Amino acid sequence: MFYFNELKLTFVTNTTNMKFNTKVIHGGQEHDPAYGAVMPPIYQTTTYAQTTPGGHKGYEYSRSHNPTRNALENAFASIENGNYGLAFGSGLAAIDAVIKLLKPGDEVVSTNDLYGGSFRLFTKIFQDFGITFHFIGMENAANIESYINNNTKLIWVETPTNPMMTIIDIKAVSTIAKKHNILLAVDNTFATPYLQQPLDLGADIVMHSATKYLGGHSDVVMGALVVKDKELADRLYFIQNASGAICGPQDSFLVLRGIKTLHVRMQRHCENGKAVAEYLANHPKVEKVYWPGFENHPNHHIAKSQMKDFGGMISFTSKGNNFDEAIKIVENLKVFTLAESLGGVESLSGHPASMTHASIPKEEREKTGVVDSLIRLSVGIEDIDDLIADLKQALG
C-alpha cells in the first residue's frame with residue numbers, strides 16, 4: 001500500500017498477520033529494487049537527479065526524504081502497529097516535533113517523573129514560548145482530569161518512567177484523553193514495542209529514543225515517532241521537514257540493523273533484569289529496589305496487563321541514602337560501565353541525581369524519589385553470573 005503526502009512517498013508492507021518476532025526482521029521492508037539487496041542500502045546522497053522539474057522517482061532532497069531513512073520509518077511503524085513512522089536526529093528532536101504541534105497558550109499535562117532532558121526541553125525552551133506544563137503524578141490516572149481545561153492539548157506519558165519505573169495505565173489515560181479530545185503521547189523507550197504497544201492501548205503518538213533499545217548497540221543517536229492517523233502524520237512530517245532535525249542514512253542503517261535483533265536482545269534483557277532485581281532486593285545494604293516485576297511495585301498489576309515482561313531497567317537505593325556511598329558503588333562497578341544512556345547490549349550504571357536528572361532541581365527530583373543514593377542500572381545481555389558478581393564486589 002502506498003501513502004502519499006506533500007513530502008514523501010512511503011511503502012508499507014501488509015504485516016497484519018505477522019507475529020512480532022517476524023515484524024522486526026521483515027515488517028515494512030522490501031528488498032532493494034535496484035539489485036535485490038536484502039538489507040536496505042545506505043543512500044549517502046543529498047539530492048536526486050530529475051528528468052524534468054518535478055520528474056523524479058519519489059525523492060528530491062534528503063532532508064525531506066531518503067530511501068534508507070524511509071525504510072527505517074516503515075520499520076518503526078510496523079513494530080509499533082502504526083501506519084506512519086518518522087525518524088529524527090535524537091529522541092529530544094522527536095519530542096521537540098511533538099510540542100511544535102502546539103501554539104502559545106496551549107497546556108500540557110505531563111508525568112512528573114520523567115527523563116531530565118524532556119523536563120529541560122519543556123521548561124527551559126517551550127515554556128518561554130507560552131506553553132504551560134503541569135507535572136503531576138499519574139499512578140492514579142484519575143488525577144489527570146483536575147488539571148485539564150479548555151487549553152489542554154496534550155498529555156505526555158512515560159511508562160515505565162525514568163528512573164523510578166513508575167507504571168502508568170495507558171488505557172485509562174487514553175480514555176481521559178479521548179473524553180476531552182486531547183492528544184496522548186507515550187514515551188515507550190524503556191519498554192520498547194517488544195514489551196508494550198501504546199497505539200494499541202489508545203495512544204495517538206508513540207515516541208522512542210531509538211538511541212537506546214531499538215539501536216541496541218550504543219553506536220547511534222536517534223529519535224522516532226509513530227502514529228496511526230494520517231492527518232496527524234502529515235502535520236508531523238511537515239514539522240520534520242521544516243525544522244530539519246532528521247537523521248542521516250548511515251544512522252538509519254544502523255538502527256534498521258539493530259531492530260532486527262530487538263526481540264532476542266529484549267528477552268535476555270528481561271531475564272537478566274529479573275535476576276539482578278531479585279539479587280538486589282535480598283542484599284543487606286540495599287534499601288529499596290524499583291522494578292515493575294515485583295508484586296509490591298506500585299501498579300504491578302497494570303504492568304502485568306499492558307506489558308509482555310518487565311524489562312531490564314532497574315533503580316535502587318542504598319541504606320543511609322548517602323550521596324558519597326552511591327558514587328563509590330558506581331565507581332567500583334567493573335562489568336557495569338558508568339555512563340549516560342541505556343538499552344545497549346552492555347550493562348550500564350548511572351547516578352541520576354548527578355547525571356541524567358541533574359537538570360531537575362533537587363527539591364523537585366526528590367519529590368519523585370530521585371534521592372541522592374538512587375542508582376539506575378541498564379542490565380545488558382552478558383552472562384548473569386558475571387553481572388551478579390560485579391554487583392556483589394561493588395556493594396561490598
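None of these values were measured; they are calculated from a predicted model.
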| Could you state the interatomic distance from CE (M313) to CG (L342), rounded to the nearest 0.5 Å? | 4.5 Å
| request: Hey, could you give me the CD1/CG distance between I205 and L154, rounded to the nearest 0.5 Å? | output: 6.5 Å
| query | Would you say the side chain of L225 lies within less than 4.5 Å of the side chain of Y84, judging by non-hydrogen atoms? | reply | no
| query | Where do G85 and A77 come nearest, in terms of heavy atoms and distance? | reply | N-CB, 3.8 Å
| query | When you check the gap from the basic side-chain N to the acidic O, do D234 and K230 get nearer than 4.0 Å? | reply | yes
| task | Look at the side chain of R63 and the backbone N and O of N241, then say whether any donor-acceptor pair between them is shorter than 3.5 Å. | result | yes
| Can you check whether H300 and F310 have ring centres sitting under 6.0 Å from each other? | yes
| said: Quick check: closest heavy atoms across Q196 and P198, and the distance to 0.1 Å? | reply: O-CD, 3.5 Å
| Do L374 and F316 have side chains that get closer than 4.5 Å, going by heavy atoms? | no
| request: Check whether any side-chain heavy atom of F129 lies under 4.5 Å from a side-chain heavy atom of K103, and answer yes or no. | output: no
| So do the side chains of V98 and W156 get within less than 4.5 Å of each other, counting heavy atoms only? | yes
| query | Would you call L280 and V276 a side-chain contact if the rule is heavy atoms closer than 4.5 Å? | reply | yes
| request: For the pair D229 and R235, find out whether any cationic side-chain nitrogen is under 4.0 Å from an anionic carboxylate oxygen. | output: no
Donor-acceptor pairs under 3.5 Å, side chain of residues 318-327 to any protein atom, not counting sequence neighbours: which ones?
residue	atom	partner	partner atom	Å
K319	NZ	P284	O	3.1
N321	OD1	S373	N	3.0
N321	OD1	S373	OG	2.9
N322	OD1	D324	N	2.9
N322	OD1	E325	N	2.8

| Mind checking whether I259 and I79 have side chains closer than 4.5 Å, heavy atoms only? | yes
| query | Should the pair E331-K328 be classified as a salt bridge under the 4.0 Å nitrogen-to-oxygen rule? | reply | no
| task | Enter the distance from I148:CD1 to H134:NE2 here, rounded to the nearest 0.5 Å. | result | 10.0 Å
| message | One pair to check against ring pair (Phe, Tyr, Trp, His ring centres under 6.0 Å): Y59 and H65. What are the steps and the verdict? | response | CA-CA 6 Å; Y59 299 92; H65 34 90; 5.4 Å; yes
| request: Might you point out which heavy atoms bring T161 and T111 nearest each other, and give the distance in Å? | output: CG2-OG1, 4.2 Å
| Can you check whether D187 reaches V157 side chain to side chain, under 4.5 Å on heavy atoms? | no
| query | Between F119 and F135, is the gap from one ring center to the other below 6.0 Å? | reply | yes
| Side chains of H297 and M165: does their closest heavy-atom pair fall under 4.5 Å? | yes
| field | Presence of salt bridge, R365 and D372, under 4.0 angstrom | value | yes
| field | Minimal non-hydrogen separation, S315 against R376, with atom names | value | OG-CG, 3.5 Å
| query | Salt-bridged, R69 to D251, with N to O below 4.0 Å? | reply | no
| task | State the CG-CD distance between D390 and E382, to the nearest 0.5 angstrom. | result | 9.0 Å
| request: Return yes if a side-chain donor-acceptor contact under 3.5 Å exists between E346 and T337, otherwise no. | output: no
